[in-house]
Novice: 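Quick one: the structure is below, questions incoming.
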Protein chains: 2
Amino acid sequence: MYTVSSLKAELNERGWRLTPQRETILQIFQNLPKGQHLSAEDLHILLQEEGEAISLSTIYRNLKLMSRMGILRELELAEGHKHYEINQPSPYHHHHLICVRCNKTIEFKNDSILKMGAKTAQKEGYHLLDCQLTIHAICPSCQRSLLPV
Amino acid sequence: MYTVSSLKAELNERGWRLTPQRETILQIFQNLPKGQHLSAEDLHILLQEEGEAISLSTIYRNLKLMSRMGILRELELAEGHKHYEINQPSPYHHHHLICVRCNKTIEFKNDSILKMGAKTAQKEGYHLLDCQLTIHAICPSCQRSLLPV
DNA sequence: TACTTATTGAGAATAATCATTAAGAAGCCG
DNA sequence: CGGCTTCTTAATGATTATTCTCAATAAGTA
Ligand SMILES: [Mn+2]
Ligand SMILES: [Mn+2]
Ligand SMILES: [Zn+2]
Ligand SMILES: [Zn+2]
């Protein structure tokens with residue numbers, strides 16, 4: 001599992017710095033209950049409630065940065081804004097099935113997808129940061145409700 | 001001088017449309033006193049005052065569009081936001097000398113710059129949209145005031 | 001007149017700016 | 001070797017600017 005010191009190492013390697021804000025954000029995501037995802041706004045409010053407020057600017061900046069570093073995954077759920085979760089390696093790596101009506105999200109695993117992603121990236125000489133299958137769909141419950149569109 | 005019908009022609013040629021908003025924006029810039037430049041916000045307020053309000057979204061979208069079409073010029077003055085003016089051909093084509101302290105802006109002409117720009121673009125096979133020399137400086141009056149930085 | 005689809009407007013999300021702060025590197029002793 | 005002081009410059013936070021989204025509208029065209 002990703003530690004604060006490995007974050008520091010990776011940052012420093014690129015001439016960047018470990019800040020309390022980055023450390024806090026990493027820890028929030030590491031301690032996030034399985035299956036939960038946070039938007040920038042969610043994170044902002046959560047931090048305020050915990051009395052560790054970080055500015056929205058900094059949150060946006062670091063969510064993007066940590067996604068590009070491959071530490072977080074940027075998820076396109078069905079709410080009109082991005083969500084994030086920690087990017088975990090193989091045994092925990094998973095994909096998302098999202099109900100576009102009620103936003104209920106199910107995480108599922110599939111090793112062959114990850115393998116294929118890794119192989120494809122490698123074949124092209126790309127450095128893999130994340131590989132996620134996102135399925136937008138309508139859940140059984142919303143199907144039953146028969147509401148138009 | 002650019003007319004509404006030539007704007008319509010150029011738009012339609014690309015599958016785009018002439019809207020009242022675009023027409024209004026063009027006319028505002030055409031009637032703008034020589035040497036005046038408008039920011040998105042300036043334009044928004046100006047239109048509100050004239051009772052022809054156009055949404056800020058639409059203003060931003062069209063300022064960018066019309067700049068890319070070569071109808072407007074996007075100016076990097078010294079105020080932290082973009083300004084725009086109509087993009088006029090040769091005899092009216094000009095450049096800008098801006099005081100970064102008081103924002104006083106002087107327009108000046110220089111045919112050789114335009115010629116060089118045109119030649120350079122042509123040599124590389126580029127289609128010239130605009131060619132502007134922007135000079136950021138400190139005006140005599142601000143020099144005299146001797147204020148630090 | 002009907003039809004397709006670009007455009008608009010409202011609101012939300014995200015990015016940019018800039019002065020201020022503070023990591024991390026480097027130099028200096030003890 | 002450590003701690004302390006400097007120094008450079010990345011990062012933050014507050015604010016502002018700009019972009020994105022989506023449902024509703026309307027331009028151009030058949
Ligand atoms: Mn959400
Ligand atoms: Mn201005
Ligand atoms: Zn559902
Ligand atoms: Zn001046």
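In the text below, chain A, chain B and the rest are named by the order of the sequence lines, each starting its count at 1. No hydrogens, no waters, no symmetry mates; every other heavy atom, side chains included, goes into these values.
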Novice: Check if the side chain of B:S57 and the base of C:dA10 share a donor-acceptor pair of N or O atoms closer than 3.5 Å.
Specialist: yes

Novice: Looking at D:dG13, I'd like to know if its phosphate oxygens (OP1 or OP2) sit under 4.0 Å from a side-chain N or O belonging to A:T58.
Specialist: yes

Novice: Measure the distance from CD on B:E41 to C1' on D:dT18 and round it to the nearest whole Å.
Specialist: 11 Å

Novice: Which of the following nucleotides, D:dA11, C:dT8, D:dT18, is nearest to the side chain of B:T19?
Specialist: C:dT8

Novice: Using whole Å, report how far NZ of A:K64 lies from P of D:dT19.
Specialist: 13 Å

Novice: Closer than 4.0 Å, any side-chain N/O of B:K8 to the OP1 or OP2 of D:dA27?
Specialist: no

Novice: Taking atom types as modelled and ignoring hydrogens, do the side chains of A:S141 and A:R144 form a donor-acceptor contact shorter than 3.5 angstrom?
Specialist: no

Novice: Is there a chain of hydrophobic side chains (I, L, V, M, F, W, Y, each step under 4.5 Å between heavy atoms) that links B:M66 to B:L56?
Specialist: no

Novice: Would you kindly give the CG-to-C1' distance between B:L65 and D:dT19, to the nearest whole Å?
Specialist: 15 Å

Novice: At less than 4.0 Å, is any side-chain N or O atom of A:Y60 found next to OP1 or OP2 of C:dT14? Yes or no.
Specialist: yes

Novice: Quickly work out the A:L7 CG to C:dA23 P distance and round it to whole Å.
Specialist: 14 Å

Novice: So, does B:Q21 get its side chain near the phosphate of C:dG9, meaning an N or O under 4.0 Å from OP1 or OP2?
Specialist: yes

Novice: Starting at CD of A:Q48 and ending at C1' of D:dA14, how long is that distance when rounded to a whole Å?
Specialist: 14 Å

Novice: CD1 of B:I45 versus C1' of D:dT16: gap in Å, rounded?
Specialist: 13 Å

Novice: Please state how far atom CG in B:L18 lies from atom C1' in C:dT7, giving the value in whole angstrom units.
Specialist: 12 Å

Novice: Among D:dA10, D:dG13, D:dG28, which nucleotide has an atom closest to any side-chain atom of A:S55?
Specialist: D:dG13

Novice: Does A:N12 place a side-chain N or O at less than 4.0 Å from the phosphate oxygens OP1/OP2 of C:dG24?
Specialist: yes

Novice: Measure from the side-chain N and O atoms of B:H127 to the backbone N and O of B:G125, and report whether any donor-acceptor pair falls under 3.5 Å.
Specialist: no

Novice: Could you tell me how the ring of A:F108 sits relative to the ring of A:H95: parallel (under 30°), tilted (30 to 60°) or perpendicular (over 60°)?
Specialist: tilted

Novice: Regarding C:dT7, can its base be found pairing with the side chain of B:R22 as donor and acceptor, where the two atoms are less than 3.5 Å apart?
Specialist: no

Novice: Nearest-Å distance, CZ (A:R17) to C1' (C:dT21)?
Specialist: 11 Å

Novice: Base, sugar-phosphate, or nothing: which does B:L56 touch, judged by heavy atoms less than 4.0 Å apart?
Specialist: nothing

Novice: May I ask you to check whether B:H94 and B:E85 show a side-chain donor-acceptor distance below 3.5 Å?
Specialist: yes

Novice: Between D:dT12 and A:N62, is there an OP1 or OP2 to side-chain N/O distance shorter than 4.0 Å?
Specialist: yes

Novice: Quick check on DNA chain C: between B:G15 and B:G80, whose nearest nucleotide comes earlier from the 5' end?
Specialist: B:G15

